[in-house]
Amino acid sequence: MLSVGSVVLGVSDVPRAASFWRQALGYVPREEWEDDWVVLMPAQGAGVRLSLGLSGTPPQEFPRTHLDLYAGDAADQAAEVERLVSLGAQRVDWTYPDDADFVVLADTEGNRFCVINTGHQ
């Protein structure tokens, strides 16, 4: 049976992206990274890995695939959004539905991701 081992993001600056995602997720490099590739993994070893590969393709404004990062409740979500912004993420101008449980951000490379309030009913 298959399982998801790694999510791969294209980036224009691997060291910059690796620094952001290491701080954002508390991940560590699986091995020493190259200028064009790195695999980050949970410090505890178990879990989905995040691979960052050098890409000349610009990020999509409305990507078909993105990461959802889970926060426990509205306060946790707000604190995490602020923490991620302080690490270099940017808020994305987005049309939110009424009573949205997510906030859209972009990483240092422009890749979109969401911070989800999992306590939202």
Side-chain angles (χ1 to χ4, degrees):
M1 177 123 184
L2 295 174
S3 63
V4 175
S6 186
V7 175
V8 181
L9 293 179
V11 300
S12 61
D13 186 326
V14 171
R16 178 178 60 195
S19 177
F20 172 80
W21 286 109
R22 286 181 66 202
Q23 293 176 76
L25 300 174
Y27 276 28
V28 297
R30 183 181 66 190
E31 63 243 345
E32 192 152 339
W33 70 61
E34 304 291 328
D35 288 338
D36 63 348
W37 181 256
V38 65
V39 178
L40 302 176
M41 57 187 276
Q44 298 77 21
V48 175
R49 296 169 183 198
L50 180 64
S51 300
L52 306 170
L54 188 63
S55 174
T57 304
Q60 298 174 327
E61 185 174 354
F62 299 101
R64 294 181 69 175
T65 317
H66 66 272
L67 300 177
D68 280 350
L69 306 181
Y70 288 1
D73 58 24
D76 187 31
Q77 179 189 43
E80 287 297 336
V81 166
E82 292 309 314
R83 184 179 72 84
L84 293 164
V85 168
S86 76
L87 295 175
Q90 294 184 357
R91 295 176 186 274
V92 174
D93 184 21
W94 201 261
T95 304
Y96 291 95
D98 292 339
D99 203 25
D101 65 349
F102 64 97
V103 174
V104 181
L105 299 176
D107 70 6
T108 56
E109 302 300 303
N111 294 305
R112 307 289 170 92
F113 65 96
C114 294
V115 180
I116 309 295
N117 169 1
T118 60
H120 186 266
Q121 297 297 330

Please check if Val28 and Leu87 belong to a single hydrophobic cluster, counting links between Ile, Leu, Val, Met, Phe, Trp and Tyr side chain heavy atoms closer than 4.5 Å.
-> no
For Glu82, all residues meeting salt bridge (Lys or Arg N to Asp or Glu O under 4.0 Å), sequence neighbours excluded | Arg91
Under a 4.5 Å side-chain heavy-atom rule over Ile, Leu, Val, Met, Phe, Trp and Tyr, are Val8 and Val38 clustered together?
-> no
Please answer: with hydrophobic residues joined when any side-chain heavy atoms are less than 4.5 Å apart, are Tyr70 and Leu50 in the same cluster?
-> yes
Hey, does Pro29 have a side-chain heavy atom less than 4.5 Å from the side chain of Arg22?
-> yes
With Phe20, which residues qualify under ring-ring contact (aromatic ring centres under 6.0 Å, His included), at least two apart?
-> none
Indicate the atoms forming the closest heavy-atom contact of Gly53 with Trp37, along with that distance.
-> CA-CE3, 3.5 Å
Report yes or no: do Val14 and Val39 belong to one cluster of Ile/Leu/Val/Met/Phe/Trp/Tyr joined by side chain heavy-atom distances under 4.5 Å?
-> no
Donor-acceptor pair, side chain of Gln77 and main chain of Gly119, under 3.5 angstrom = no
Would you please name every residue forming a salt bridge (Lys or Arg N to Asp or Glu O under 4.0 Å) with Arg83, sequence neighbours left out?
-> Glu80
N/O donor-acceptor pair under 3.5 Å between Thr118 side chain and Ala71 backbone | yes
Check whether any side-chain heavy atom of Leu105 lies under 4.5 Å from a side-chain heavy atom of Gln90, and answer yes or no.
-> no
Within the distance-only criterion (no hydrogens, no angle test), does the side chain of Tyr96 pair as donor or acceptor with the backbone N or O of Val104 below 3.5 angstrom?
-> yes
Pairs touching residues 5-16 that satisfy salt bridge (charged side-chain N to carboxylate O under 4.0 Å, His left out), sequence neighbours left out | Arg16-Glu109
Set of residues satisfying side-chain contact (heavy atoms from CB on, under 4.5 Å) with respect to Glu34, sequence neighbours excluded | Asp36
Just jot down the side-chain contact (heavy atoms from CB on, under 4.5 Å) partners of Pro59, sequence neighbours excluded, or say none.
-> Asn111
